[in-house]
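I have placed the structure first, in the form of C-alpha cells, so that the comments after it can refer back to it.
Residue numbers count from 1 along this sequence. Note that ligands are numbered from 1 as they come in the structure, with each ligand's atoms numbered from 1 the same way.
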Amino acid sequence: MKPPAKKANKPKRLLHRRKDLFIPSTVTVAMLARVMNVKLAQLLTRMRRVGLESEANYDYILSADYAALLAEEFGFNPVVDDEAAFDIYPPKPLDDLSTSPSRPPIVTIMGHVDHGKTTLLDTLRSASVAKGEAGGITQHIGAFSVPVASQTADSTGPRSITFLDTPGHAAFSAMRARGANVTDIIVLVVAADDGIMPQTKEVIDLLKRDDSQVDLVVAINKIDKPSADPDSVKKALMAEGIQLEDFGGDIPAVHVSGLTGKGLPELVETLSTVAEVRDLRAEQDGPVFGHVLESNVLKGLGSVATVLIRQGCLKIGSHIISGTAPGKVRRMTDPSGKPVQVALPGMAITVSGWKTLPKAGDEVLDGSESDIKKAIANRLRRGVAEALQEDVEAINEARKQERDARADGEDVVEPVPASGPKELRLVIKADVSGSCEALEGALQGIGNHIAISKIISTGVGDITESDILMAKAANATIVGFSVSAPRAMMSLAAQNEVPLTTGNVIYRLMDDVRSRIIDMLPKTIETKVIGEATVLQLFEVTNKAKQLVKVAGCRVTNGIVEKQKHARVVRLGHVIHEGSLDTLRQIKKDITEARKGLECGLSLKEFDGLQEGDLIQMYDKIEKPGII
Ligand SMILES: Nc1nc2c(ncn2[C@@H]2O[C@H](COP(=O)(O)OP(=O)(O)OP(=O)(O)O)[C@@H](O)[C@H]2O)c(=O)[nH]1
C-alpha cells in the first residue's frame with residue numbers, strides 16, 4: 001500500500017528584500033561593479049542592454065543617477081542620502097490669487113542705446129523722491145518706487161509702481177536663465193527723432209518670443225525735440241507688429257520727454273491702468289520668495305542686497321537664504337533710504353544681515369535657522385559635485401577619444417599579467433566627507449587591465465604622520481584634496497619615499513593619478529618611416545677588409561635615407577630584415593644621407609640577401625607611453 005501522499009506545502013511568497021547600496025555622487029563603472037560584487041563584464045553587458053552603450057567602459061565615471069539605476073538593475077536598493085538632498089525651495093504660487101492682496105507692478109524700461117532710458121529713469125526717480133519722504137536720498141539700489149498720484153483710498157489700482165533700473169544687469173540674465181520673469185510691464189523707449197533701431201527690434205522680438213505674461217507700454221521719447229516725429233515712429237511700430245491703441249490695438253503709447261519730464265505723469269497713469277487691468281496680486285502670508293537685484297559690501301553694514309519681494313512678507317529677524325549665502329535680516333530700507341520693518345510683495349528693499357554676499361539674480365527664501373544651515377551645506381556640496389560633474393564629463397570625453405584613437409590604430413592589446421593588474425594604491429585625505437566621497441568616486445578604478453588605482457584608505461583632515469607611515473607600509477601614494485600638508489609631513493613623506501600629491505581641483509588630482517598609472521604601463525614603440533629607397537641593381541664589390549660584399553644600387557623614392565637611422569627590408573609587403581646600414585655611397589664617396597630622387601649604393605649590416613625590387617625603409621623608433 002502506498003503511503004499517504006504528504007500534504008503539499010503551500011508555496012510561500014518570497015519576500016525579496018532588496019539590499020541597500022550606498023551610492024556616492026560619482027563612481028567609475030569598475031568601482032560600481034566592485035561594490036555590487038558583480039563581474040565587470042556582466043555590468044558592461046547590462047549597461048549596453050539598458051542603452052548606456054557609450055558609457056559602457058570600465059573607467060567611465062557615472063553620475064549618482066545612472067549608478068542608482070544600474071544598482072536597481074542588479075536588485076539593489078540604491079540609497080542616495082536624503083539629508084544630502086534637503087533644500088529650501090520657492091513656494092508654489094497659488095492657483096487662485098483673487099483673495100490675495102494687490103501688489104505694485106514691476107516695470108522694466110528697455111530700448112535702443114541713447115534713446116533716453118537712463119534720463120527717463122532718473123527723472124522718474126527724482127520725481128518720486130520729491131513726492132516721497134522729505135529729505136529722502138536717492139540711492140542707486142537697482143529699483144525705485146514711484147507713487148501713483150491719482151490713487152485714492154478706495155480705488156483698486158496700484159498705489160505705487162516699482163521700476164527696476166538695471167535692465168542690462170547680470171541679475172536679469174541670471175533670473176531669465178532660471179525661467180524667472182520678474183517683470184510685469186516693459187516700457188519700450190523709442191526716441192521720436194530716431195525711430196526703430198536694432199535694440200528696439202530686439203525688445204520686440206523678445207516680447208514676441210516671451211510666452212510669459214508681460215505687458216507692453218511704448219514711451220515715445222524726446223518729444224521735446226523739433227525733429228521729433230512720433231507719428232512715423234508709431235507707423236513703424238505697427239509695421240513691426242506692435243498693435244498700438246491709436247490704430248485700434250491694445251498697446252498704449254505715451255509721448256514723453258525724459259529730459260523735461262513732460263508726459264511722465266501720463267506714463268505713470270498708463271502703467272497704473274495696465275496694472276489695474278492685470279489685477280496683480282500676491283500672497284503675503286506664508287514663505288518669502290524674492291530675487292536679489294544687486295548686492296555689495298557697504299562700510300558699517302557688511303553684505304547688503306537689494307531684494308525684490310515677490311511673495312510673502314519679509315520681516316526684521318527672519319532667517320534667509322540666497323544661493324549659498326545665509327542671513328538674518330538685520331535692517332531693511334526702502335529705495336528712498338527709509339527703514340522698514342516689513343517688506344511686502346512688489347517692493348524692492350535693501351537687506352542687511354547677510355553672512356556672505358548673495359549673488360544678483362539668485363532667489364531669496366526664508367526658513368528656520370537649522371533648515372537654512374542644512375540647505376547651505378547641501379548647496380555647497382552640490383556645487384562641488386556639479387563642478388566635478390563638469391570635469392567628469394570632460395574626462396569621460398577625453399577617455400573616449402583616446403580609446404577611439406586606439407581602436408583606429410594598430411596597437412596590440414597587452415595581455416593581462418598573470419598576477420592580475422598592477423595596483424597604484426591610494427590613501428585619500430580630504431577636507432570634508434563630501435569631497436572625500438567625491439574624490440573616492442573619481443579616483444577609484446582609474447587605469448586598465450594592466451594597471452589600476454585602488455583606494456586603500458580614506459579620511460578627513462590634514463595629512464599626518466600616521467597617514468605617511470600607513471602609505472609606506474602599504475606602498476601607497478597619498479592624495480590630499482583641500483587639505484594642508486605641513487612642511488614636516490612633506491619631508492617625512494620624502495624620507496620614506498612615499499609619493500604625496502595635494503590640490504584643490506579634483507580633475508588635476510585625477511590627472512596626476514592617471515599619469516602615475518601611465519608610468520606603470522609598458523611603453524609602446526611606434527615606428528615612423530622617414531625615407532624609402534628601391535633596389536634597382538646589385539653589385540659585388542670588395543670592401544675595406546678585402547671581403548666581397550653585395551652592394552645595392554638604389555633610388556631614393558621618398559623622404560631621406562639617413563645612414564644612422566634604423567633600416568628594414570620590405571619584400572612583397574613583408575618585412576624580411578631589420579637592422580641598419582653598413583655603407584651609404586654616392587658614386588665612390590661615402591655620404592651620410594641621400595634625398596628623394598638621388599641614386600645611391602648601400603649595404604646592410606649582417607644581411608647579404610638583398611634582391612632587385614626590395615624596398616629599403618629608413619625609420620625612427622618612437623617610444624610612446626601606455627594608454628588608459
Ligand atoms: N532732447 C532730449 N534729449 C534726451 C531726452 N532723453 C534723453 N536725452 C538725451 O539723449 C542722450 C542719451 O540719453 P540716455 O538717457 O543716456 O540714453 P540711454 O538710452 O540710457 O542710453 P544708454 O545708457 O547708452 O543705453 C543724452 O544726451 C540725453 O540727454 C529727451 O527726452 N529729450
Answer yes or no: are there more than 12 heavy-atom neighbours, outside R508 itself, under 6.0 Å from its atom CZ?
->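 Result for CZ/R508: open.
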
Any Lys/Arg nitrogen of D184 or R103 sitting under 4.0 Å from an Asp/Glu carboxylate oxygen of the other?
->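 Yes, charged N to carboxylate O under 4.0 Å.
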
Salt-bridge test for D224 and K262: reply yes if a basic N is under 4.0 Å from a carboxylate O, no otherwise.
->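 Result for this pair is no, no salt bridge flagged.
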
Taking every non-hydrogen atom, the tightest pair across T356 and S303 =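 Nearest heavy atoms, T356 then S303: C-OG, 3.7 Å.
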
Please state which protein non-hydrogen atom is closest to [atom] and give its distance, to 0.1 Å?
atom: atom 17 (O) of ligand 1; answer: G116 N, 3.1 Å
atom: atom 32 (N) of ligand 1; answer: D224 OD1, 2.8 Å
atom: atom 18 (P) of ligand 1; answer: K117 N, 3.4 Å
atom: atom 10 (O) of ligand 1; answer: K222 NZ, 2.9 Å
atom: atom 28 (C) of ligand 1; answer: T119 OG1, 3.8 Å

Hey, could you give me the CE/CD distance between M47 and E55, rounded to the nearest 0.5 Å?
->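 Separation between the atoms: 6.0 Å.
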
So, for atom 26 (C) of ligand 1, does the protein have a heavy atom nearer than 4.0 Å?
->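 Given the 4.0 Å limit, the answer for atom 26 (C) of ligand 1 is no, no protein heavy atom qualifies.
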
Within reach of ligand 1, part of T260 (heavy-atom separation under 4.0 Å) =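 Neither part.
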
I223 contact mode with ligand 1 (heavy-atom cut-off under 4.0 Å) |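 Answer for I223: neither.
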
Do any heavy atoms of Q199 fall under 4.0 Å from ligand 1?
->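 No, Q199 has no heavy atom closer than 4.0 Å to ligand 1.
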
Check for a donor-acceptor pair, side chain of K117 on one end and backbone N or O of G111 on the other, with a separation under 3.5 Å.
->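 Checking the backbone N and O of G111 against the side chain of K117, a donor-acceptor pair under 3.5 Å is found.
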
Test of proximity, [X] against ligand 1: N or O pairs below 3.5 Å:
X: G258; result: yes
X: L259; result: yes
X: K225; result: no

Should you measure from each heavy atom of D114, which atoms of ligand 1 turn up under 4.0 Å away?
->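 Heavy-atom distances to D114 below 4.0 Å select 10 (O), 12 (C), 17 (O), 18 (P), 19 (O), 21 (O), 22 (P), 24 (O), 25 (O).
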
What atoms in ligand 1 come closer than 4.0 Å to a heavy atom of T118?
->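 Per the distance check, 15 (O), 18 (P), 20 (O), 23 (O).
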
H319-K373 side chain donor-acceptor pair, cut-off 3.5 Å |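 No pair is found: no donor N or O on one side chain lies under 3.5 Å from an acceptor on the other.
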
Ignoring hydrogens and angles, state whether a donor on the side chain of S100 or E283 is under 3.5 Å from an acceptor on the partner side chain.
->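 The answer is yes; a qualifying pair exists.
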
Shortest reach to atom 6 (N) of ligand 1 by a heavy atom, considering only D193, N221, L121, D122 |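 Among D193, N221, L121, D122, the closest heavy atom to atom 6 (N) of ligand 1 comes from N221.
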
Criterion side chain to side chain contact (heavy atoms under 4.5 Å, CB included) on V29 and N57, from CA distance to verdict | CA-CA 7 Å; V29 172; N57 262 305; 6.0 Å; no

Among L124, L188, T118, find the residue that satisfies the side chain to side chain contact (heavy atoms under 4.5 Å, CB included) test when tested with I109.
->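 Exactly one option meets the side chain to side chain contact (heavy atoms under 4.5 Å, CB included) with I109, and it is L124.
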
